[in-house]
**Student:** 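Structure incoming, see below.
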Amino acid sequence: MQFQEIQTLSQLALYLNGTCSQSDDLRLQGVATLKEATPADISFVTQAQYVPLLAETKAGAVVIHAQYADKCALPSIIVTDPHVAFAKLMQLCTPIKKSQSGIHPAAYVAESAVVSPSAYVEAHAYIGEEVHIGEHAYIGPGASIGEHSHIGAHTEIYANASIYHHVQIGERCIIHSNAVIGADGFGFANDKGRWVKIPQLAGVEIGDDVEIGAQTAIDRGVLSPTRIGTGVKIDNLVQIGHNVHIGDHTIITGCVAIAGSTTIGKHCAIGGGSCINGHIHITDGVQITAMSGVLNGIDKPGVYSGIPAIENSQWRKQMVGYLRLPEIMKRLKALEKN
């Protein structure tokens, strides 16, 4: 992937807050994997498993942690976190977006809506009554913004995303295509075998710097809003039920389902395909590994796995025992026979 401008190794080291090993005037055009890099590229080592590839890579330079620096004969930038450094390098490759503004003639904007002159509304977008669109916001083609909703400055809402009424979205957020924010929560009361709908009258509040993946659904609250904290990152195909609260800087990967009225703390990580029960509390700093089922609240930071989810160290011990079951059964049958 090419940089927007050619960079010297010393420029990149300054940008990454790292240290050059040598050849600080080396000119580099882009970033690539160790296997695909050319002498004009800088590459990276984010995990120990990639260290052996240093011997055969054609990269001009490498971003690397100090613990592997002695295994690298190439010009390098030594950093404390190569994965973060890689993310920053990729930002140098991101095309600079043309500054567009205005409202496409094929878009619908209600008379009472307020759209910043610097915002850009694409064709066939729908902007409802009393909506506020902030400075330099982007509303993609076919996107729908329901009445009384607020879209913060520099937020991007891509094609065919549906933002229902009374939804508040902060600044610098990214909402990907076909996401649905503010649909009714799944609330029903059983009246002698018949389901009576509970009106979902509150909205959704989303903080700043949040990213929401394609086809993710975040339901609106009943009496108070569903809340997504600042810096939260949500992958594709995630279901978040009504009145869920997600703490700041938590990350949720694909196909997770979170039932209603659950609170998840700050700086948590939820692995793909996990399911989280409703009306429970998960404290700050919890990691839930993929395909886990969280049935009860978690009040201690750490890593949790399995169904029901337990501390990862305990789960690993149980898995060792589980894998030995055939051998144990065979021995038990032999004892019974004797």
**Student:** Can you tell me how far OG1 of T262 sits from NE2 of H281, rounded to the nearest 0.5 angstrom?
**Tutor:**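 It is 10.0 Å, given to the nearest 0.5 Å.
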
**Student:** Mind checking whether V31 and F44 have side chains closer than 4.5 Å, heavy atoms only?
**Tutor:**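 Yes, close enough: below the 4.5 Å cut-off.
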
**Student:** Going by salt bridge (charged side-chain N to carboxylate O under 4.0 Å, His left out), name the residues that satisfy it together with E311, two or more places apart in sequence or in a different chain.
**Tutor:**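 Partners of E311 under the salt bridge (charged side-chain N to carboxylate O under 4.0 Å, His left out) test: K300.
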
**Student:** If you look at every heavy atom in T226 and R220, which pair is closest and at what distance?
**Tutor:**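 Taking T226 first and R220 second, the nearest heavy atoms are OG1-C, 3.6 Å.
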
**Student:** Indicate yes or no: at least one non-hydrogen side-chain atom of V79 is less than 4.5 angstrom from one of V84.
**Tutor:** no

**Student:** Under a single-linkage definition using a 4.5 Å side-chain heavy-atom cutoff for Ile, Leu, Val, Met, Phe, Trp and Tyr, are I328 and V320 assigned to the same hydrophobic cluster?
**Tutor:** no

**Student:** Do L12 and L92 have side chains that get closer than 4.5 Å, going by heavy atoms?
**Tutor:**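 Contact flag for L12/L92 side chains = yes.
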
**Student:** Is it true that R227 and E205 have a side-chain N and a carboxylate O under 4.0 angstrom from each other?
**Tutor:**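 Here R227 pairs with E205 in a salt bridge, since their nearest N and O are under 4.0 Å apart.
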
**Student:** Are the side chain of Q200 and the backbone of I198 linked by a donor-acceptor contact shorter than 3.5 Å?
**Tutor:** yes

**Student:** Do I258 and I270 have side chains that get closer than 4.5 Å, going by heavy atoms?
**Tutor:** no

**Student:** Return the minimal non-hydrogen interatomic distance between Y304 and V286, and the atom names on each side.
**Tutor:**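 Distance-wise, the nearest heavy atoms are CD1-CG1, 3.9 Å.
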
**Student:** Can you give me the closest heavy-atom contact between C268 and T283, atom names plus distance?
**Tutor:** SG-O, 3.2 Å

**Student:** For the pair E36 (side chain) and T33 (backbone), establish whether a donor and an acceptor sit closer than 3.5 Å, ignoring hydrogens and angles.
**Tutor:** no

**Student:** Short question: side chain of T155, backbone of G170 - any donor-acceptor pair under 3.5 Å?
**Tutor:** yes

**Student:** Any sub-3.5 Å donor-acceptor pair from T289's side-chain atoms to G306's backbone N or O?
**Tutor:** no

**Student:** When the ring planes of F188 and F186 are compared, do they come out parallel, tilted or perpendicular, using 30° and 60° as the limits?
**Tutor:**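 The rings of F188 and F186 stand perpendicular, inter-plane angle above 60°.
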
**Student:** Show every salt bridge (charged side-chain N to carboxylate O under 4.0 Å, His left out) that has at least one partner inside residues 329-338, sequence neighbours left out.
**Tutor:** E327-R331

**Student:** Can you find a heavy atom in the side chain of I246 that is under 4.5 Å from one in the side chain of I234?
**Tutor:** no

**Student:** For A123 and A106, work out which heavy atoms get closest and say how close.
**Tutor:**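 That would be CB-CB, 4.0 Å.
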
**Student:** Does the S112 side chain pair with the main chain of E130, one donor and one acceptor, at a distance under 3.5 Å?
**Tutor:**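 It does hold such a pair.
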
**Student:** Okay, side chain of Q4, backbone of C93: is any donor-acceptor separation there less than 3.5 Å?
**Tutor:**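 Looks like yes, one N/O pair under 3.5 Å.
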
**Student:** So does D25 get a backbone contact from the side chain of S10, meaning a donor-acceptor N/O pair under 3.5 Å?
**Tutor:** no

**Student:** Test your reading of the model: is there a side-chain donor-acceptor pair from S21 to the backbone of S76, 3.5 Å cut-off?
**Tutor:** yes

**Student:** Does the separation of the ring centres of H148 and H165 fall below 6.0 angstrom?
**Tutor:** no

**Student:** Please examine the side chains of I42 and I77, heavy atoms only from C-beta on, and report whether any two atoms are closer than 4.5 Å.
**Tutor:**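 In contact.
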
**Student:** Looking only at heavy atoms, which two atoms of L28 and F3 are closest? And how far apart?
**Tutor:**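 Scanning both residues, the minimum pair turns out to be O-CD1, 3.7 Å.
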
**Student:** Any link between F86 and M1 through a network of hydrophobic side chains (Ile, Leu, Val, Met, Phe, Trp, Tyr) touching at under 4.5 Å?
**Tutor:**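 They do share one cluster, since a chain of ILVMFWY contacts under 4.5 Å joins F86 to M1.
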
**Student:** Do the non-hydrogen side-chain atoms of H136 and H154 ever get within less than 4.5 Å of each other?
**Tutor:**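 They are in side-chain contact.
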
**Student:** Determine the interplanar angle of the Y138 and Y120 rings, folded into 0 to 90°, and report it as parallel if under 30°, tilted if 30 to 60°, perpendicular if over 60°.
**Tutor:** tilted

**Student:** Any chance you could measure I145, atom CD1, to I175, atom CD1, to the nearest 0.5 Å?
**Tutor:** 9.0 Å

**Student:** Charged N to carboxylate O under 4.0 angstrom, D284 versus K266?
**Tutor:** no

**Student:** Using modelled atom types only, decide if a donor and an acceptor are shared between the side chain of T216 and the backbone of D235 within a distance under 3.5 Å.
**Tutor:** yes

**Student:** In terms of heavy-atom contacts, does CG of L332 have more than 12 from other residues, nucleotides or ligands at under 6.0 Å?
**Tutor:** yes

**Student:** Which label fits Y158 and H176: parallel for a plane angle under 30°, tilted from 30 to 60°, or perpendicular past 60°?
**Tutor:** parallel

**Student:** Keeping the roles fixed (side chain from K233, backbone from T253), state whether a donor-acceptor pair exists under 3.5 Å.
**Tutor:** no

**Student:** For the residue pair T57 and A37, what are the closest heavy atoms and their distance?
**Tutor:**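 Heavy-atom minimum between the residues: OG1-CB, 4.3 Å.
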
**Student:** Classify the side-chain pair N160/S177 by whether it contains a donor and acceptor separated by less than 3.5 Å.
**Tutor:**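 Looking only at side-chain atoms, S177 and N160 do not form any donor-acceptor pair under 3.5 Å.
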
**Student:** If the test is side-chain contact (heavy atoms from CB on, under 4.5 Å), which one of V210, D248, I206 qualifies with T230?
**Tutor:**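 Of V210, D248, I206, side-chain contact (heavy atoms from CB on, under 4.5 Å) with T230 is met by D248 alone.
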
**Student:** Do I169 and S149 have side chains that approach each other closer than 4.5 Å (heavy atoms only, starting at C-beta)?
**Tutor:** no

**Student:** Who are the salt bridge (charged side-chain N to carboxylate O under 4.0 Å, His left out) partners of E171, not counting sequence neighbours?
**Tutor:**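 Applying salt bridge (charged side-chain N to carboxylate O under 4.0 Å, His left out) to E171 gives none.
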
**Student:** Just verifying a value: how many Å separate I127 CD1 and I133 CD1, rounded to the nearest 0.5 Å?
**Tutor:** 4.5 Å

**Student:** Report the distance from atom OG of S144 to atom CD1 of I163, rounding to the nearest 0.5 Å.
**Tutor:** 8.0 Å

